[in-house]
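Written below as structure tokens is the structure these notes are about.
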Amino acid sequence: EVTNSSMDIPIKLELHQKYLTELCRICEAKRSRALELLPCAPHKEAMLTAFLVNITKDSPAIHPTNMCTNCTKAIKQYNQHLDKGKGFLSTISVINWFPHRDVTSCPTCKQYHQKLKKVDDPKR
């Protein structure tokens, strides 16, 4: 169990990892009806060449294990341009994922906690 000392909110590792399964490893987009997520593993070489993201040492406690369809399309475009001998510059901002110990240092948990807090707020 990971605890946020400033807010005294217990966050279980399983909940944290659930949050990560809903996000894209590349751009941090959240799964939705319009945005599907696909496993990263089959695309690890393409992720390395197109986005310079090496997932071989990723930890499921820190890194999302999925990639959104927008990033998958960008990889396909990158490969098409490469095949034609052209350069390709993606407009997708790559997210850096860092080890962390609690909610206050985990942007993912903090973002989800704030959304939950708004839902539970009786003033709203």
Side-chain angles (χ1 to χ4, degrees):
E1 186 171 281
V2 182
T3 303
N4 174 350
S5 57
S6 68
M7 291 191 242
D8 295 327
I9 300 165
I11 299 292
K12 294 192 180 298
L13 184 58
E14 297 87 28
L15 186 58
H16 169 76
Q17 289 177 321
K18 179 186 179 290
Y19 297 158
L20 293 178
T21 63
E22 297 293 317
L23 300 173
C24 174
R25 170 64 174 86
I26 301 293
C27 70
E28 199 181 27
K30 189 173 185 300
R31 179 191 325 258
S32 68
R33 289 185 194 139
L35 190 67
E36 185 180 345
L37 294 177
L38 308 166
C40 287
H43 305 282
K44 69 180 180 180
E45 293 299 322
M47 291 171 71
L48 182 59
T49 56
F51 295 112
L52 303 177
V53 172
N54 185 350
I55 64 167
T56 57
K57 294 184 180 179
D58 276 9
S59 165
I62 300 168
H63 305 92
T65 57
N66 296 310
M67 182 172 51
C68 73
T69 49
N70 290 339
C71 289
T72 306
K73 289 176 189 173
I75 287 174
K76 288 178 184 174
Q77 289 174 339
Y78 173 85
N79 288 331
Q80 289 170 351
H81 281 76
L82 199 62
D83 289 344
K84 294 177 183 175
K86 297 179 179 179
F88 178 75
L89 183 61
S90 174
T91 58
I92 295 173
S93 296
V94 177
I95 302 298
N96 290 318
W97 300 88
F98 299 102
H100 47 277
R101 292 186 177 269
D102 60 36
V103 177
T104 57
S105 65
C106 176
T108 303
C109 288
K110 190 174 182 179
Q111 177 184 10
Y112 271 86
H113 172 70
Q114 287 173 347
K115 286 180 182 176
L116 290 174
K117 190 175 178 181
K118 286 179 183 177
V119 170
D120 292 338
D121 188 355
K123 295 177 186 174
R124 292 184 177 249

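Along the sequence shown, the residues carry numbers beginning at 1.
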Can you tell me how far apart [atom1] ([X]) and [atom2] ([Y]) are? Round to the nearest 0.5 Å.
X	Y	atom1	atom2	answer
C24	K30	SG	NZ	13.5 Å
I62	K57	CD1	NZ	13.5 Å
Q77	K73	CD	NZ	9.0 Å
K18	L23	NZ	CG	10.5 Å

Using the ring pair (Phe, Tyr, Trp, His ring centres under 6.0 Å) rule, collect all pairs that involve residues 65-87, keeping only residues at least two apart or in two chains.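 Matches after skipping sequence neighbours: H81-F88.
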Within the 4.5 Å heavy-atom criterion, are P64 and W97 side-chain neighbours or not?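 Sidechains of W97 and P64: in contact.
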Any side-chain heavy atom of L35 sitting closer than 4.5 Å to one from T69? yes
Which donor-acceptor pairs under 3.5 Å do side chains of residues 37-46 form with protein atoms, sequence neighbours excluded?
none

Which residues satisfy the side-chain contact (heavy atoms from CB on, under 4.5 Å) test with T91, sequence neighbours excluded? none
Members sharing M67's hydrophobic cluster, built from side-chain contacts under 4.5 Å between Ile, Leu, Val, Met, Phe, Trp and Tyr, are I26, M47, F51, V53, I55, I75, I92, V94
Partners meeting side chain to side chain donor-acceptor pair (under 3.5 Å) with T56 (sequence neighbours left out): N54
Can you sort out the partners of D58 under side chain to side chain donor-acceptor pair (under 3.5 Å), two or more places apart, ordered by chain and number? R25
